[in-house]
Amino acid sequence: MNYQSAHDRVQEIKRLYKSIFWFAIFSLILVFRNFYKTGELILPNIGGSFILTIWAIIIVARAAKLFIFNAEWEANIYKNEVEKMKKQL
């Protein structure tokens with residue numbers, strides 16, 4: 001891994017952590033808003049808030065892309081496909 005790709009990966013991880021942080025802040029705002037309205041401390045149901053649901057899906061997809069489907073995974077898939085093609089020939 002060269003310097004530029006390492007730098008890019010660190011920046012992507014940093015953006016992911018920022019997204020998770022803002023998701024947590026927004027969720028806490030919803031909790032306190034619900035507490036103010038109802039007087040009960042109820043955690044927001046992620047399925048009940050369309051914005052939180054979409055945001056959570058995006059964060060999970062970004063995390064999967066960053067930590068699971070990284071460049072090493074892609075290189076291994078290419079290598080396996082090339083080996084399969086060589087065996088067929």
Side-chain angles (χ1 to χ4, degrees):
M1 182 181 279
N2 62 13
Y3 175 79
Q4 185 61 38
S5 62
H7 180 268
D8 293 343
R9 183 166 168 80
V10 167
Q11 292 302 316
E12 287 181 30
I13 292 171
K14 187 176 173 183
R15 284 196 307 262
L16 176 68
Y17 288 156
K18 282 182 184 178
S19 294
I20 293 170
F21 173 77
W22 285 112
F23 180 80
I25 295 294
F26 189 74
S27 296
L28 286 173
I29 289 170
L30 288 179
V31 166
F32 288 120
R33 189 190 83 182
N34 289 340
F35 179 72
Y36 179 74
K37 284 184 174 180
T38 64
E40 297 178 12
L41 189 59
I42 302 171
L43 296 177
N45 182 1
I46 196 160
S49 175
F50 183 72
I51 293 172
L52 286 181
T53 303
I54 298 299
W55 199 350
I57 290 170
I58 291 170
I59 288 175
V60 168
R62 286 177 61 193
K65 179 183 171 220
L66 190 59
F67 295 115
I68 297 171
F69 303 116
N70 57 14
E72 291 175 19
W73 175 83
E74 188 175 353
N76 287 336
I77 295 296
Y78 284 138
K79 181 181 172 184
N80 291 341
E81 289 298 320
V82 168
E83 288 176 6
K84 284 180 187 177
M85 291 176 71
K86 284 181 181 179
K87 288 179 183 178
Q88 290 177 354
L89 294 176

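As the structure is a computational prediction, the values presented were derived from the model and not from experiment. Atom set for the values below is all heavy atoms of this structure, side chains included, hydrogens, waters and symmetry mates excluded.
- With E12 as reference, R15 is the one residue of R9, R15, K14 to meet the side chain to side chain contact (heavy atoms under 4.5 Å, CB included) rule.
- For E81, the salt bridge (Lys or Arg N to Asp or Glu O under 4.0 Å) test picks out K84, with sequence neighbours left out.
- Note on I20: it clusters hydrophobically with I29, by side-chain heavy-atom contacts below 4.5 Å among ILVMFWY residues.
- Every residue meeting the side chain to side chain contact (heavy atoms under 4.5 Å, CB included) condition with K86, not counting sequence neighbours, appears here in chain and number order: V82.
- Surrounding CD1 of I25 are more than 12 heavy atoms belonging to other residues, nucleotides or ligands, all under 6.0 Å away.
- Note: the hydrophobic cluster containing I51 also contains F23 (ILVMFWY, side chain heavy atoms under 4.5 Å, direct or indirect links).
- For the side-chain hydrogen bond (donor to acceptor under 3.5 Å, both in side chains) test, residues two or more places apart in sequence or in another chain that qualify with Q4 are D8.
- When hydrophobic clusters are built by joining Ile, Leu, Val, Met, Phe, Trp and Tyr residues whose side-chain heavy atoms come closer than 4.5 Å, directly or via intermediates, L52 is grouped together with F21.
- Under the ring pair (Phe, Tyr, Trp, His ring centres under 6.0 Å) criterion, F67 pairs with no residue, sequence neighbours left out.
- Under the rule for a ring pair (Phe, Tyr, Trp, His ring centres under 6.0 Å), F32 has no partner lying at least two apart in sequence or in another chain.
- For the atom pair I59 CD1 and W22 CH2, the distance stands at 12.5 Å (nearest 0.5 Å).
- Annotation: side-chain hydrogen bond (donor to acceptor under 3.5 Å, both in side chains) contacts of R62 (sequence neighbours excluded): S19.
- Between F26 and W55, the ring-plane angle classifies as tilted under the 30° and 60° cut-offs.
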